[in-house]
Amino acid sequence: MTEPTPVNMDKLVSLCQRRGFVFPSSEIYGGLSGCWDFGPLGVEMYRNVKEAWWRRIVRDRDDAVGLDSSILMNPKVWEASGHVTSFSDPLVECKVCHLRWKADDLKENRCPSCGGELTEERMFNTMFKTFVGPVEDATSVVYLRPETAQGMFVDFENILSTTRKRLPFGIAQQGKAFRNEITTGNFIFRSREFEIMEFEYFVKPGTDDKWFEYWVEERLNWYLKLGIRKEHLRLSPHPKEKLSHYSKATTDIQFLFPHGWGELEGIANRQAFDLTQHAKASGKVLEYFDDETKEHYVPFVIEPSVGAGRCFLALMCDAYREEPDKDETRVVLGLHPVIAPIKVAILPLSKKENLTALARKVYADVRPHFMTQYDETQSIGRRYRRQDEIGTPFCVTVDFDSLNDNMVTIRERDKMSQIRVPIATLAKTLTAKLAGEDMLVLPEGGRVVVAK
Ligand code: GAP
């Protein structure tokens with residue numbers, strides 16, 4: 001197996017477009033920079049990413065609840081949070097070609113496009129503005145949220161009183177965020193519209209350092225559990241002078257993207273900053289009463305935050321591999337079964353009526369259990385390759401022997417090993433295999449197929 005470290009981005013973009021994972025938004029009109037559409041396979045995978053995160057953060061924990069707050073919020077939220085004054089990037093403009101650049105991204109003090117001289121830096125607020133109601137004036141300005149975090153802070157009191165959670169506990173949210181990035185690029189890595197998955201974990205002040213460490217480790221482990229290679233991940237603590245206005249400590253989990261190491265997720269100790277700010281600005285009490293110590297205090301917050309699209313991209317990059325295969329190259333997306341868009345493909349060996357009838361019956365049996373695809377076009381070799389390229393963990397082949405012995409062959413994506421199993425136990429066998437049980441564990445009556 002070759003080790004593509006890291007994969008070439010052009011190849012990945014081409015696969016994404018060709019196989020329906022990701023398309024440029026409004027492509028027939030030339031697209032819109034920084035906006036992307038997830039196609040039929042992409043949307044399945046994207047939902048799996050978000051579902052895996054939600055399961056781990058919310059459903060599998062007793063100390064977490066979910067929220068889905070609105071995108072448009074009272075503009076006072078963004079004044080109190082500091083976004084109106086501080087959510088800005090340094091912008092420079094080329095005096096010759098007038099292209100605009102984010103100063104932080106430039107290696108030299110010259111225009112990367114034409115080499116022209118650049119203007120002085122000025123701060124550019126990256127929040128998108130729009131208007132509510134029919135009058136477009138300063139009093140009706142609202143912002144498209146650039147993060148979901150603030151929704152969780154302003155709903156803190158509602159959630160505390162309705163769930164009666166005790167500290168430490170967290171609120172999780174996934175949803176669209178919008179940033180008018182000065183420059184976009186590296187495919188879906190930096191977009192203007194993206195989905196973010198954020199968790200605000202409220203803790204007693206003084207225990208925050210311990211919980212910060214806990215969440216850095218927990219989040220790193222999540223990526224490892226999803227199969228991302230250890231050597232493609234690293235931790236990058238922010239130096240004190242680079243911390244955001246609200247943060248006492250921030251550590252990024254970085255991934256080795258094709259364009260180099262880049263932030264995948266940030267874990268920040270936001271202290272009591274947000275709740276204190278919103279309490280001041282709204283005049284409401286946003287505190288916690290500790291039954292044990294009989295104290296009132298403002299909890300500290302530890303926040304792991306990751307872009308769903310960026311996570312999708314990292315999983316894709318890490319999974320992509322090319323293997324020599326006779327005269328050709330086998331392209332495989334070695335995605336974790338939880339993430340793979342299609343879990344099982346049902347493939348009749350030929351298009352003969354009696355075979356396709358049985359294959360369709362097998363398809364109907366398996367389909368309620370997992371995302372399954374039926375494919376009877378082209379040679380079986382080509383169909384295997386097509387499934388490998390989209391990361392399908394298992395192909396089930398229905399052949400002429402199946403008509404007599406009621407067995408089918410399960411072919412596994414990574415090792416290409418094959419076993420023959422009774423149709424009656426197929427769904428059960430696939431369930432076990434998708435849950436990670438060893439390929440060589442056979443159901444009763446099954447056997448390993450020896451390659452000819
Ligand atoms: N609430 C904290 C927060 O928003 P951030 O570091 O600005 O922190 C969190 O963003 C995560 O969101 C990043 O680690 C990244 O995964 C993702 N992200 C940020 N800007 C993005 C963009 N323009 N396009 C795609 N993902 C983005």
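Since the model is a prediction, treat every value here as computed from it, not as a measurement. Both ligands and their constituent atoms are indexed starting at 1 by order of listing. In this chain, residues are counted from 1 in sequence order.
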Indicate, as side chain, backbone, both or neither, the part of Q254 found under 4.0 angstrom from ligand 1 when only non-hydrogen atoms are considered.
neither
K225 and E218 ion-paired at < 4.0 Å
no
What about G307: any of its N or O atoms under 3.5 Å from an N or O on ligand 1?
yes
Give the atoms of ligand 1, by number and element, whose distance to some non-hydrogen atom of R270 is under 4.0 Å.
1 (N), 2 (C)
Would you mind running through ligand 1 and noting each atom that sits below 4.0 Å from a heavy atom of S191?
22 (C), 23 (N), 24 (N), 25 (C)
Close aromatic pair by centroid cut-off 6.0 Å: F255 and Y223:
no
Run the salt-bridge test on K50 and E195 with the 4.0 Å N-O cut-off and return the result as yes or no.
yes
Heavy-atom nearest neighbour in the protein, as seen from atom 6 (O) of ligand 1, with distance rounded to 0.1 Å
E263 OE2, 3.1 Å
Across all chains, not counting sequence neighbours, the salt bridge (Lys or Arg N to Asp or Glu O under 4.0 Å) partners of K176 are E193
With no hydrogens and no angle check, just 3.5 Å: does a side-chain donor-acceptor pair link D290 and Y297?
yes
For L264, the atoms of ligand 1 under 4.0 Å from one of its heavy atoms are 14 (O), 15 (C), 16 (O)
Atoms of ligand 1 less than 4.0 Å from G266 heavy atoms?
14 (O)
To check your reading of the model: name the closest protein heavy atom to atom 9 (C) of ligand 1, its residue, and the distance in Å.
S305 OG, 3.1 Å
The atoms of ligand 1 lying under 4.0 Å from a heavy atom of E265, numbered in the order shown, are 14 (O)
Please tell me whether F87 and W78 form a close aromatic pair, meaning their ring centres lie under 6.0 Å apart.
no
Side chain, backbone, both or neither: the part of E181 lying under 4.0 Å from ligand 1 by heavy atom
side chain
Cation-pi, F189 ring and R310 (6.0 angstrom, 45 degrees)
yes
Identity of the nearest option to atom 5 (P) of ligand 1, non-hydrogen atoms only, from R179, E147, R310, R190
R179
Report, in ascending order of atom number, the atoms of ligand 1 lying under 4.0 Å from any heavy atom of F189.
24 (N), 25 (C), 26 (N)
For the aromatic rings, using the six-membered ring if either is Trp, is the centroid distance between F202 and F156 under 6.0 Å?
yes
Is there any N or O on Y246 that sits under 3.5 Å from an N or O of ligand 1?
no
Salt bridge check, D89 against R100: does any charged N sit closer than 4.0 Å to a carboxylate O?
no
For E303, take its heavy atoms, then give the atoms of ligand 1 lying under 4.0 Å from any of them.
1 (N), 2 (C)
Atom 18 (N) of ligand 1: which protein heavy atom is closest, and how many Å away?
F194 CE1, 3.7 Å
Of the choices E198, E200, Q150, which has the non-hydrogen atom that lies closest to atom 3 (C) of ligand 1?
E198
